[in-house]
Amino acid sequence: MAFWKPGTVAPGSTIDRETGNEDALAASSANQYAHLSLTSQRQRLPVYKQRTKLLHLVERYPVLIVVGQTGCGKTTQIPQYLFEAGWAAQGRVIGCTQPRRVAATSVAARVAQEVGSLLGDEVGYTIRFEDLSSPTRTRIKYMTDGMLFREAMLDPLLSKYSVIMIDEAHERSSYTDLLLGLLKKVRKKRPELRLIVSSATIDAQAFLNYFNSNIDGADRTQDDAAIISLEGRMYPVEVAYLDEPVTDYVRAAVKAVLDIHLKMPAGDILIFLTGREEIDRCAEDITEQMYDLPAGASKLLPLPLHAGLTSEQQLFVFEPAPAKTRKVVISTNIAEASITIDNIRYVIDSGFVKLRTFNPSTGMDRLTVTGASLASLNQRAGRAGRTSAGKCFRLFPEPALAKLPKSTPPEICRSDISLFLLQLKALGIDNVLRFDYLTPPPSVMLARALEFLYSLKALDDYGRLTRPLGMRMAEVPVDPMMAKILLDSDEFSCSQEILTIAAMTSVQNVFVTGEGGEGAICEIEKRKFTAEEGDHLTLLNVYNAFTGPGKQSAKWCHSHRLNFRALSRAISIRGQLRKYLQRFDIPIISCGEEESQIRKCLVSGYFKNAAKMQPDGTYQSLRDRASLSVHPSSVMFTRVAPTGYVIFHEVIETTKSFMRDITVVDQDWLKEYSGGYYTSRASQRAK
DNA sequence: GAGCACTGC
């Protein structure tokens with residue numbers, strides 16, 4: 001299995017000045033890698049040189065597809081050009097959406113600085129739970145895509161905007177897809193509205209076709225949409241492939257690291273793997289291999305990077321490596337678009353990604369390792385060319401590219417879409433089956449989502465949004481089941497507690513986890529908050545402890561192995577959700593010692609997710625008798641449910657089907673608070 | 001008995 005022999009890395013490298021390893025260089029040959037020049041765009045015009053052309057095209061074409069790499073300045077510059085050209089005159093606003101909150105806030109801060117505005121004045125931003133914009137003064141507004149979609153609930157024609165730029169559209173986030181459909185519709189009523197859709201090269205044609213096609217079949221004399229290509233401040237990245245497939249890409253990645261380290265010039269390395277387990281194994285292997293490095297060779301510094309780390313732990317990857325040390329960042333897909341690390345010169349790509357897909361017939365999410373798309377591979381390779389010319393080593397043979405999809409299937413086709421259908425209906429789009437989706441979700445997903453919303457009484461017999469329940473569920477920014485119990489929580493006299501639980505389940509990674517001895521400490525600390533009744537009440541305990549006198553500190557969190565940022569965010573979310581309840585005149589009351597009220601209330605929304613314990617300690621879902629296991633992160637992992645019944649927030653299928661966020665319930669409650677879900681299903685089976 | 005890609009309203 002000789003897939004990566006020492007001394008056979010890609011040619012074209014210069015002598016490593018730090019190690020002076022000339023011999024290794026001489027031994028390198030082209031045999032093992034095929035070569036391909038990926039990007040070479042330095043000679044093209046930068047974005048400001050195309051300013052006049054861009055503004056001209058915006059005048060001429062209502063929809064402009066802007067193609068350009070990260071770093072070409074489109075996100076910060078285009079809104080400013082439009083502003084200077086008068087597109088924000090007469091109180092109008094230039095809007096720009098981002099798929100991520102950090103992007104929306106950081107870009108707004110930078111543009112505010114460039115324009116000389118205070119953040120929140122002429123230039124502002126809006127993300128959930130944070131609005132730093134002025135309704136009267138803000139002219140350039142950055143926001144998350146979901147936030148603009150939500151704005152359409154209040155103002156369906158988005159009338160204050162003269163231009164809307166949908167940035168990073170190629171990522172195809174669900175809200176970006178929905179916005180594009182909505183904006184295409186809005187444009188029929190507001191022909192003066194201008195759209196700018198920013199995309200990577202590979203998807204540009206699809207956007208163009210979408211906006212140039214008319215679902216009504218009306219005649220058109222001129223095209224609506226056009227493409228403009230902008231230059232990026234990218235350096236060329238040389239891509240190399242293995243000559244044979246490997247069975248263990250983690251091992252292959254470690255070999256690649258050593259090859260680069262011994263034979264190539266200084267520069268940090270970024271490795272793309274699929275998950276935490278692989279990342280930890282890779283980091284350990286690299287540490288072990290360091291003992292075999294030649295005397296005098298510079299060191300390697302492996303740094304794991306994934307979303308499970310606290311923000312403090314994530315900060316390590318941004319720090320420059322110490323002298324005579326090469327940084328090796330080992331990352332999940334988080335480094336593909338969400339986190340950008342400077343000074344990466346080499347990328348090692350496993351070619352795989354973990355992707356979540358929703359199975360409508362079981363109602364379960366599945367997390368599977370799949371081949372990354374060509375667009376993904378391209379984006380990953382580009383991470384090596386941000387500050388200088390770079391190299392990308394792909395741990396598979398080049399012909400394998402032919403089997404990979406061009407781009408990742410859009411999120412809206414892989415998700416539970418009940419929330420989106422609810423929101424579309426709240427926008428007045430009643431026929432969600434005929435909505436002009438950029439890519440329509442599979443019809444079985446549409447059907448199941450509608451059925452589910454009906455069972456929650458959000459839709460009536462005609463599929464219309466119920467009032468006030470369905471309408472309010474669409475408004476509250478949490479998932480439909482949680483929205484339902486939040487809105488009904490006063491009937492169980494526990495709105496105080498459900499508010500907290502809703503906030504706590506909306507943030508991720510409340511508990512810090514660790515390896516070895518540190519992991520044991522984390523477990524012991526978690527036990528201090530554990531409620532016998534399950535995870536929801538445990539989360540409630542954590543929140544109440546955190547908000548107790550003198551405890552809202554990072555120090556307190558650290559000593560109890562809790563995530564300070566997550567808990568702070570929970571406070572903010574709870575405050576926001578509280579305002580919704582107040583607006584709906586829902587009394588905010590506490591059940592006090594009567595904690596069973598909380599669990600009954602949970603049943604009234606999560607009855608679909610119920611399971612019965614089996615003699616062997618596993619569970620069986622009541623819905624379709626699927627075999628389920630307790631996720632090891634649950635407090636129920638080390639306990640048995642005394643009543644034999646539980647409800648859960650979600651199931652994720654990896655090696656097994658794992659229930660996450662579990663609460664013990666009584667069998668009687670399942671009958672009483674499930675709106676006939678189980679009795680009617682039982683009678684259906686009897687017939 | 002032992003594990004969780006990543007966003008977002």
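Just so it is clear, the values below take in all heavy atoms, side chains as well, and ignore hydrogens, waters and symmetry mates. First the proteins, then the strands, lettered A, B, ... as listed; each starts at 1.
Judged by a 6.0 Å distance limit and a 45° cone about the ring axis, A:Lys612 is not positioned over the six-membered ring of A:Tyr619.
The residue A:Leu367 sits close to a base: some heavy atom pair falls under 4.0 Å. Note on A:Arg100: only backbone sugar-phosphate atoms sit closer than 4.0 angstrom, heavy atoms only; bases stay farther off. Across all strands shown, A:Ser633 has heavy atoms under 4.0 Å from base atoms, whether or not it also approaches the sugar-phosphate. Using a 4.0 Å heavy-atom criterion, one finds that A:Phe149 contacts no nucleic acid atom at all. Contact annotation for A:Gln423: base contact, defined as any heavy-atom pair under 4.0 Å involving a base atom. Residue A:Glu277 is out of contact with every strand shown, counting any heavy-atom pair closer than 4.0 Å. Residue A:Glu411 is in base contact, counting any heavy-atom pair closer than 4.0 Å across all strands shown.
Between A:Thr144 and B:dC9 there is a side-chain polar atom (N or O) within less than 4.0 angstrom of OP1 or OP2. OP1 or OP2 of B:dC6 lies within a sub-4.0 Å distance of a side-chain N or O belonging to A:Thr332.
Between A:Leu355 and A:Arg366, every side-chain heavy-atom pair lies at or beyond the 4.5 Å cut-off.
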- Could you give me the CA-CA distance, side-chain angles and deciding distance for A:Glu532 and A:Arg639, then say whether salt bridge (Lys or Arg N to Asp or Glu O under 4.0 Å) is met? CA-CA 8 Å; A:Glu532 294 294 322; A:Arg639 266 158 240 276; 3.1 Å; yes
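When the shell of 6.0 Å around CD of A:Glu277 is examined, it contains 12 or fewer heavy atoms from other residues, nucleotides or ligands.
Set against B:dC4, B:dG8, B:dC6, the side chain of A:Leu419 has B:dG8 as its closest nucleotide.
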